[in-house]
Amino acid sequence: MIRKYPHLCQPLTLGNVTFRNRMFASPIGSTDIDKDCVPGERTRAFYELRAKGGAAAVTVSELVVHPETDGSHMLHLDLATVGSLAAFTFIADSIKRHGAVPSIEFSHSGQYAGTYMADKNKKQGLTQFGPSDGVRPDGRKVTALTKEQIDDIVKRYADTALLAKRAGFEMIMIHGGHTWLLNQFISPYFNKRTDEYGGSFENRMRLTMEILQAVREAVGPMFPIEFRMSGSELFEGGYDLDEGIRIAQAVEPLVDLIHVSAGSYQYGFFRTHPSMFSEHGCNVYLAEAIKKHVSKPVATIGGLNDPQQMEEIIASGKADVVYMGRALLADPYLPQKTVAGQDEQIVRCLRCFTCMAERPTTQTRRCTVNPLIGREIEGTEVLPAAKKKTVLVVGGGVAGLKAAVTAAQRGHKVILCEKSDRVGGILKCEQAIDFKQEMYQLGLSLEAQAREAGVEIRVNTEVNAAYAESIRPDYAILAVGSNPIVPPIPGIDGENVVVVNNYYLEKEKVKDSVVVLGGGLAGCEAAIHLAQDGKQVHLVEMRDTLAPDANIRHRPILMQMIEKHVHAHTGLQGLQITGEGVICKNAAGESVLIPGETVICALGQRANRAGADALRDIAPVVREIGDCVRPSNITNAIYQGYHAGLDA
C-alpha cells in the first residue's frame with residue numbers, strides 16, 4: 001500500500017524502543033485522581049483510547065515527583081501508597097496493548113503549585129517553592145528551595161524513574177518548559193540565586209542537568225528520555241530562541257528526544273496552547289531552528305491537526321515528531337485515519353478550550369466535539385440494537401446530526417428531516433468567520449458521517465403530526481433548535497440591520513463601520529472577526545460583563561482580542577436603531593449614540609418550544625435535545641445527541 005503521508009507514517013527508533021509513526025499524543029492531565037493522588041479507572045481508559053486510535057506514543061501527565069515541595073493535586077507514584085504502582089502498571093499496559101508506547105511526564109510545578117485545584121482558596125495554604133525568594137505576579141509569596149531540598153528532588157526523580165520503568169512505561173518525559181520548576185531555574189527572569197544554581201547559564205542549567213543525569217543512571221543507556229522545553233519564553237525578560245538553542249544543546253547528550261514547545265504559564269499561555277485566533281503550527285519555527293543545531297530527534301507541538309501540514313513538517317526536516325493534544329481529544333483516531341489515508345473523516349479540534357476549562361472547574365475532562373472524553377470507561381463503541389426501529393430525527397443541526405449518526409450506527413432505520421435546504425444548523429453561520437472554520441467543518445463532517453452510516457436526509461422538509469404519521473416512527477428525536485432573539489425596538493427591521501445568524505448570507509450588506517448589539521460569546525466573536533476584516537467596530541452590551549457564556553480558558557483570550565480590535569461599551573441598553581447607529585441608554589438614563597452604518601443583532605437565542613411542543617406525540621417515545629430544550633453550546637448538543645442516539 002502506498003501511504004498518502006509516508007513521512008508521517010514512518011517508524012522512529014529512540015534508544016531501544018521503536019515507535020510506529022511520527023504522531024505522538026502529548027501529555028494531558030488525568031481525569032479521576034483519588035485523595036492519595038492515585039489514578040482511577042477513568043484515567044486509564046482516558047489514555048487507552050488515544051493508544052487505540054493509532055498514536056505512536058501516549059504520554060501520561062502530570063506525575064508530581066516531589067509532593068513535599070509541590071502540593072498540586074496531581075498524580076503521585078510511590079510504593080508507600082497502596083494501589084499506586086498497580087494503577088500505573090494498568091495504565092501502561094492499557095496503552096501498550098494497542099501498539100503504542102506508554103510514556104509518562106515527570107513534573108514539578110515549583111512556584112505554580114496548586115494550579116489545577118478546583119478550590120483555589122486551598123492554594124493559600126501551600127508554600128510556593130521556586131528558585132528564589134520573591135512574590136509572584138498575582139501576589140503569592142515564593143520561597144527559595146534549599147540545597148537539601150534540591151538534592152532530595154534530584155534523588156526523587158531517579159527513584160521515580162525506576163518505579164515508572166518497573167510499572168511498564170517505556171519512555172520518560174522530563175518537563176522543563178512552561179514556567180514549571182526546571183524552567184524557573186533555567187530562566188534568568190525567575191532565577192535570582194547567587195549560589196551554584198543561579199547566575200551564569202551553566203549554573204541555571206545545573207538542576208536540569210543533575211536531574212537528567214540521575215534519571216539516565218537510573219533507567220540505563222538505552223531507555224528513551226525526552227526533555228520538554230520552551231524554545232523561547234516569549235516574554236520580555238525571559239530567554240529567547242538563541243538561548244533555547246543553547247538549552248537544547250546542553251541537554252542533548254543525556255536525552256533521546258528534544259520536545260520543543262513554547263511560552264510560559266504566566267505570560268504565554270495562549271502561545272503554549274494556541275487559540276482559534278492563532279495559525280495552526282504557530283510554534284513550529286522554534287523546533288525548526290533548534291533542529292538545525294542538534295543531532296538528536298526533535299519534536300514540535302502547537303495547534304496541529306492537519307495531516308497535510310504535519311507531513312510537510314516531517315518531510316521538510318522541520319521536526320522529526322509531531323505532538324497533538326487537543327486534536328486527539330477531538331478525534332482519538334486521527335493517527336489511524338491518517339495512516340489509512342482517510343483524513344477526510346477526521347473530526348477537527350475547534351480550539352475552543354472546553355477541555356482545558358473543564359479540569360479546573362469540575363476536575364473532569366470534556367470535549368466539545370467528542371462526547372466520549374472523560375467518560376471512556378462507559379464504553380467507546382456504539383453497540384448494535386437488539387431490536388431495529390424506525391427513528392425520526394427532526395432538525396439537522398449539530399444535535400440532530402449527532403443523534404442520527406449514532407442511531408444509524410446502532411442499526412436503526414433513521415430518517416432526518418430538516419426544514420431548510422441544508423443541514424448544519426447554526427454551524428452554517430460559521431463559514432463566514434475565518435477563525436471558526438473548524439466549527440463549520442464540523443457540520444460538514446457530521447453530515448458526511450450521517451450519509452455514510454445510512455441516514456436518509458430529507459431537506460426542505462418541515463415535519464408536522466401528519467407527516468410523522470406517514471413515517472410511523474418507533475422513536476423520535478426532536479432537535480428543532482432555537483431562534484435568534486430580535487427585540488421589538490424601532491429600526492430593528494431596517495435594511496442596515498443583519499441578524500448574526502444570517503451574516504454568512506448577507507455579508508455584502510455590512511459597511512465599513514459596524515455596531516454589534518449584544519456582547520455575549522457570539523457577539524464578541526463576530527465583533528473580532530469584523531474588526532480583523534478592516535471594519536470600525538463598536539460592541540454594545542447591556543450587562544456589565546462581556547461574554548459571560550464563554551468558558552474560563554477561552555474568555556481571557558477573547559477579552560484580549562476585544563481590547564486590541566474593538567471599541568466595547570457595557571452598561572448600555574439599545575433603544576433605537578437609526579441610519580447613524582444605535583441610540584442607547586446608559587446607567588444614568590442618558591441617551592448615547594453609538595455610531596455605525598451597519599448593525600449586527602447578536603442578542604442570543606430563544607428555545608423553539610412551540611416547535612417541540614407541537615411534535616411531542618409523534619411517536620411512542622419522543623426525546624428532546626439541543627437548543628429546543630435550552631439554548632446552550634456545541635458541547636451539550638453533541639453530548640445530548642450522542643446519548644439520544646444510543647437510547648434509541
Side-chain angles (χ1 to χ4, degrees), residues 371 382-429 442-486 501-502 505 605-634 636-648:
V382 177
L383 301 177
K387 180 181 178 181
K388 303 300 185 282
K389 301 173 185 174
T390 298
V391 177
L392 173 61
V393 179
V394 185
V398 60
L401 284 167
K402 188 65 178 180
V405 169
T406 309
Q409 289 172 340
R410 297 207 68 206
H412 297 307
K413 176 185 178 182
V414 181
I415 299 170
L416 183 148
C417 296
E418 165 58 40
K419 66 179 181 180
S420 71
D421 61 351
R422 285 177 57 199
V423 296
I426 290 179
L427 295 182
K428 291 183 292 187
C429 311
L442 173 62
L444 301 180
S445 297
L446 289 171
E447 180 183 3
Q449 290 175 23
R451 295 189 186 281
E452 184 176 347
V455 176
E456 182 183 343
I457 297 177
R458 301 178 183 179
V459 296
N460 297 310
T461 303
E462 188 161 3
V463 175
N464 54 29
Y467 190 88
E469 179 62 26
S470 69
I471 296 174
R472 300 183 65 82
D474 302 298
Y475 186 89
I477 299 173
L478 307 183
V480 294
S482 58
N483 300 309
I485 296 173
V486 182
N501 304 47
N502 298 328
L505 299 171
Q605 299 289 122
R606 181 176 288 116
N608 182 12
R609 289 307 312 156
D613 290 343
L615 301 174
R616 65 172 60 203
D617 297 319
I618 63 173
V621 179
V622 178
R623 182 79 165 268
E624 297 178 4
I625 62 172
D627 276 8
C628 72
V629 178
R630 184 183 300 108
S632 184
N633 51 39
I634 299 172
N636 287 332
I638 288 283
Y639 191 78
Q640 292 173 17
Y642 176 70
H643 284 281
L646 283 184
D647 291 346

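Note that the numbering runs from 1 along the sequence shown for the chain. Only a predicted model underlies this, so the values are computations on that prediction, with no experimental measurement involved.
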Asks: Would the distance check show the side chain of D627 and the main-chain N or O of V480 forming a donor-acceptor pair, the cut-off being under 3.5 Å?
Replies: no
Asks: Please assess V622 against L615 for the test side-chain contact (heavy atoms from CB on, under 4.5 Å), listing each intermediate value before the final yes or no.
Replies: CA-CA 8 Å; V622 178; L615 301 174; over 6 Å; no
Asks: Using only atom types and a distance under 3.5 Å, with no angle test, would you say the side chain of Y475 pairs donor to acceptor with the backbone of A644?
Replies: yes
Asks: May I ask you to test the L478-I618 pair for a side-chain heavy-atom distance under 4.5 Å?
Replies: yes
Asks: Any salt bridge linking E418 with R422? Criterion: basic side-chain nitrogen under 4.0 Å from a carboxylate oxygen.
Replies: no
Asks: I'd like to know if R609 pairs up with E624 as an ion pair, taking the criterion as any Lys NZ or Arg NE/NH1/NH2 lying under 4.0 Å from an Asp or Glu carboxylate oxygen.
Replies: yes
Asks: Do side-chain atoms of R410 reach the backbone of L646 as a donor and acceptor pair under 3.5 angstrom?
Replies: yes
Asks: Just verifying a value: how many Å separate N502 CG and C429 SG, rounded to the nearest 0.5 Å?
Replies: 7.0 Å
Asks: Would you mind telling me which of T390, V393, L392 makes a side-chain contact (heavy atoms from CB on, under 4.5 Å) with V414?
Replies: V393
Asks: Return the minimal non-hydrogen interatomic distance between A408 and A453, and the atom names on each side.
Replies: CB-O, 3.6 Å
Asks: Backbone N or O of G443 within a donor-acceptor pair of the S445 side chain at under 3.5 Å?
Replies: no
Asks: Decide side-chain contact (heavy atoms from CB on, under 4.5 Å) for V621 and K389; before the verdict, give the C-alpha distance in whole Å, the side-chain angles of both, and the deciding distance to 0.1 Å.
Replies: CA-CA 11 Å; V621 179; K389 301 173 185 174; over 6 Å; no
Asks: Which heavy atom of P473 sits nearest a heavy atom of P620, and at what distance?
Replies: O-CD, 3.4 Å
Asks: How long is the span from the CD1 atom in I471 to the CG atom in D474, to the nearest 0.5 Å?
Replies: 11.5 Å
Asks: Looking only at non-hydrogen atoms, find the nearest pair between A403 and I477 and report the distance.
Replies: CB-CD1, 3.8 Å
Asks: Would you say the side chain of L427 lies within less than 4.5 Å of the side chain of E447, judging by non-hydrogen atoms?
Replies: no
Asks: Using the rule given for side-chain contact (heavy atoms from CB on, under 4.5 Å), can you reason through L401 versus V455, listing the C-alpha separation, both sets of side-chain angles and the distance that settles it, and then say yes or no?
Replies: CA-CA 9 Å; L401 284 167; V455 176; over 6 Å; no
Asks: Measure the CZ-OG distance between R630 and S482 for me, rounded to the nearest 0.5 Å.
Replies: 12.5 Å
Asks: Can you name the nearest heavy-atom pair linking K402 to T406, along with the distance?
Replies: O-OG1, 2.8 Å
Asks: Quick one, S632 with Q640, criterion side-chain contact (heavy atoms from CB on, under 4.5 Å). Give me CA distance, side-chain angles, the key distance, then yes/no.
Replies: CA-CA 11 Å; S632 184; Q640 292 173 17; over 6 Å; no
